[in-house]
4 protein chains.
Amino acid sequence: MPPTPPVPERRPHTGRRRNEAARQAILAAARRLLAAGGGEPVTVDSLAREAGIGKQTIYRWWPSKGAVLLEALTSTARDQVSTPDTGALESDLAAFLCDLFQAGTAPDNAAMLGTLLAEAARDPQVADLLRDFTRTRRGDLRTIVERARERGETAAGTDVDLLVDQAFGVYWFRFLSGHAPLTPEVARTLARTLALGAR
Amino acid sequence: MPPTPPVPERRPHTGRRRNEAARQAILAAARRLLAAGGGEPVTVDSLAREAGIGKQTIYRWWPSKGAVLLEALTSTARDQVSTPDTGALESDLAAFLCDLFQAGTAPDNAAMLGTLLAEAARDPQVADLLRDFTRTRRGDLRTIVERARERGETAAGTDVDLLVDQAFGVYWFRFLSGHAPLTPEVARTLARTLALGAR
Amino acid sequence: MPPTPPVPERRPHTGRRRNEAARQAILAAARRLLAAGGGEPVTVDSLAREAGIGKQTIYRWWPSKGAVLLEALTSTARDQVSTPDTGALESDLAAFLCDLFQAGTAPDNAAMLGTLLAEAARDPQVADLLRDFTRTRRGDLRTIVERARERGETAAGTDVDLLVDQAFGVYWFRFLSGHAPLTPEVARTLARTLALGAR
Amino acid sequence: MPPTPPVPERRPHTGRRRNEAARQAILAAARRLLAAGGGEPVTVDSLAREAGIGKQTIYRWWPSKGAVLLEALTSTARDQVSTPDTGALESDLAAFLCDLFQAGTAPDNAAMLGTLLAEAARDPQVADLLRDFTRTRRGDLRTIVERARERGETAAGTDVDLLVDQAFGVYWFRFLSGHAPLTPEVARTLARTLALGAR
DNA sequence: ATCTAACCGAGACGGTACGTCCGGTCTTCAT
DNA sequence: ATGAAGACCGGACGTACCGTCTCGGTTAGAT
């Protein structure tokens, strides 16, 4: 079953200059297919068909299929997680992790991440892009912890990177394995544990 | 007393039996290819050739290539990590994590896991098997924490699952992303942090 | 659709001595499958299943699959064609050819020959056997012509082999190509032409 | 006169066009492999490798391997046999049959036909194509006989189709069975016999 | 107003791996 | 020893997908 019927709004050829509409059509199609669930792999042909464009148009602007999928993912994920500043480490962490868990468990995003990881594991280019993506996210969390350190909320020897990786580690491990939920309750417990451990 | 045996006349399997040597040859070949590094994907043909068997023999006993790879991995990993019992949570954790990190960063296993994850991400059956595998490993770590609880080393409200997932989370996250090392030093720091948080 | 349900009559294992019943079961199964039409290829497995025997039993008594098929065919064809002796070449030929054409156009035999030729064309052993078979049939026809020669019905320089091959050639060519019928009428016309040419 | 062309707006085929060079490379490779002798079966992979093309390109344009082989054969055979016009039936037949026998026994063509027949016998589509091919060849021979009839060289009741099939029948029967040669001498004898029988 | 070069949808191309099918051999247990 | 069952090796099959190339057509900007 096709995930969604091809959107019939005809994009005009622009010629000469890059057609932004085509670019957006590709990203939108990628999001639809990634989110479609069912685990059907997103092939380049299916992506081109869903977007109503030619395969070459994909390869003209992205180095590989995975790069498209990653951009489709990050362009939506970017603004779903904030870096709150409540003045206390635990509540900052709780807010950040609640957002993270919620975004990661939304069916669409979950499907996207899963599909994307499949690509990353075999396509080194995508793995690099994925690493870049997680670097950015780790940076967000680091910012929160650094602010707490400046407020004197953390002990001297605290390994900030390790703390950050404990948080993301729980998230990725449970997301990938699916053996335990990623509820707001868990987020709060984790925030408390981490804040406690940092003191 | 009824004359028929209680077992409802199981058909007494005629025909040639499964060749255990072939099974072991396949698993051994899978281990060699997974560990070969270079990131070359393990194809079914290469696996059959390396093992000196026919492709059909693979598909007769495993549902997919990934299932073979996973079994090859788990059958070796099982006995590379111990569940130490030093009498104190922190040192138990440190010992366990040192082993875990070491096994996970040994070039062979690292290559195996990476290759395997690629299969898992696209083959749901392999993903299930991988989940089973991690469940077993989590059980080992849980055992350590439970023992500490019986010794009264953990606070009442400690979320054991969360503690376990923090440990494995750091491992998997760094293993997959490769943004930070998995040294014994990190293992000891993580053990201290987790033991502290559990109190 | 299976050609025919496996015949349920259980043959007993005899042990020690060759089981003629198994041999006949194999030939009968071969005939059923060859005649089944539909063009489904007769595989060794399907043959064993249809006959209710093991594959090894086939290879114990025949060198290859094709040899079984050929024997299945010849053992039926042998007694469907006679070598009449009416005292005149033309009527002998007509009788022989009528029989030949009739046997060759019976739906079962037609399917058998077609399937068999497929095997012969790729399996040299079968090709040899098929050659032997046609040699026998050519011999039958030669006998008829030789008798006519003894009666003085043929000219001195008549190439008997060529005459025989013209008869069988028409048969095989039309049988294989199917572009024209093999009716008794054609058989009689051909007999007249050949008898005329021999004079 | 209507402004629109009479052709009812055929879809104007977009996309890259069929590569005639690839087509010719495939046919040439098929001819080489068919003629290679040794009886090695022509596999699709070997065909693709020999032609330097992908397997899919074969399956895109031919329904099966056999169809390729047949086209490879017919495209060469077409112009190896002529329809002579010497003014007399017997000499016309002799010339035609000499050509036919010579072409059919040339090692290259013989190997081709043999290999091809194996395909034809199991692939109905190829069988159809083969039938078309023989129809064309029969047409050539018919032409010769028709010309003789116009010259009054044949008796009234002559069955032209049967005469033609006698000629081709000898050819195919001996070619397939290989029990007797297809020499020019045989061709001339057959021509004399047939011409005689037609009078 | 014309030309031209980059863009577009479509889809054929070379190539690699897949999972299935089959032939002929080998092994197990029962008769 | 023979037979039924069926696992085994080897190897061809036809399909799916990737990333590239080529086709006719479109259009922005240079001439």
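Naming: A, B, ... by sequence-line order, numbering from 1 per chain.
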Rounded to whole Å, please give me the gap between [atom1] in [X] and [atom2] in [N].
X       : N      : atom1 : atom2 : result
C/Ile26 : F/dT2  : CD1   : C1'   : 12 Å
C/Asp45 : E/dG23 : CG    : C1'   : 8 Å
A/Leu47 : E/dG11 : CG    : P     : 17 Å
C/Ile58 : E/dC22 : CD1   : C1'   : 13 Å

Report task. Check every strand shown and say whether B/Trp62 touches a base, only sugar-phosphate, or nothing at a heavy-atom separation below 4.0 Å. Result -> nothing
Query raised in the report: E/dC8 base to A/Gln56 side chain: any donor-acceptor pair below 3.5 Å?
Result: no
Report task. Examine the base of E/dG19 for any acceptor or donor lying under 3.5 Å from a partner atom in the side chain of B/Lys55, and report the outcome as yes or no. Result -> yes
Query raised in the report: Any side-chain N or O of A/Thr57 under 4.0 Å from OP1/OP2 of E/dG9?
Result: yes
Report task. Establish, with yes or no, whether the OP1 or OP2 oxygen of F/dC18 is under 4.0 angstrom from a side-chain nitrogen or oxygen of A/Lys65. Result -> yes
By nearest atom, which of the nucleotides [options] is closest to the [X] side chain?
X       : options                : value
B/Tyr59 : E/dT20, E/dG24, E/dC8  : E/dT20
D/Trp61 : F/dT15, E/dC13, F/dC9  : E/dC13
A/Arg17 : E/dA12, F/dA28, E/dG19 : F/dA28
D/Thr43 : F/dA12, E/dG24, E/dC21 : F/dA12
B/Arg16 : E/dC13, E/dC18, E/dT27 : E/dT27
A/Arg60 : E/dG24, F/dC18, E/dC8  : E/dC8
D/Ala22 : E/dC18, E/dG14, E/dG24 : E/dG14

Looking at [X] and [Y], what are the two nearest heavy atoms and their distance?
X       : Y       : answer
D/Ala67 : D/Pro63 : CB-CD, 3.6 Å
B/Ile53 : B/Ala22 : CG2-CB, 4.3 Å
C/Val68 : C/Ala30 : CG1-CB, 4.3 Å
B/Gly54 : B/Ala48 : C-CB, 4.3 Å

Query raised in the report: Say you draw a straight line from CG of D/Leu34 to CG of D/Leu70; how long is it, rounded to the nearest 0.5 Å?
Result: 10.0 Å
Query raised in the report: When you match D/Val44 and C/Gly54 each to their closest nucleotide on DNA chain F, which lands nearer the 5' end?
Result: C/Gly54
Query raised in the report: When the nearest nucleotide of DNA chain F is assigned to B/Gly15 and to B/Ile53 on a heavy-atom basis, which residue is associated with the more 5' position?
Result: B/Gly15
Report task. Assign each of D/Arg18 and B/Val42 to its nearest nucleotide of DNA chain E by heavy atoms, then name whichever residue's nucleotide is nearer the 5' end. Result -> D/Arg18
Query - DNA chain E: 5'-proximal contact among B/Ser46 and A/Arg23 (nearest heavy atom) - result: A/Arg23
Query - Test side-chain contact (heavy atoms from CB on, under 4.5 Å) applied to D/Glu50 and D/Leu33, D/Ile26, D/Val42, the passing residue - result: D/Leu33
Query raised in the report: Between B/Arg18 and B/Trp62, is NZ or CZ placed under 6.0 angstrom from the six-membered ring centre and within 45° of the ring axis?
Result: yes
Query raised in the report: Is there a side-chain contact between C/Lys55 and C/Asp45 (heavy atoms, below 4.5 Å)?
Result: yes
Query raised in the report: To the nearest 10 degrees, what angle separates the axes at the start and end of the helix from E/dA1-F/dT31 to E/dT31-F/dA1, five pairs each?
Result: 10°
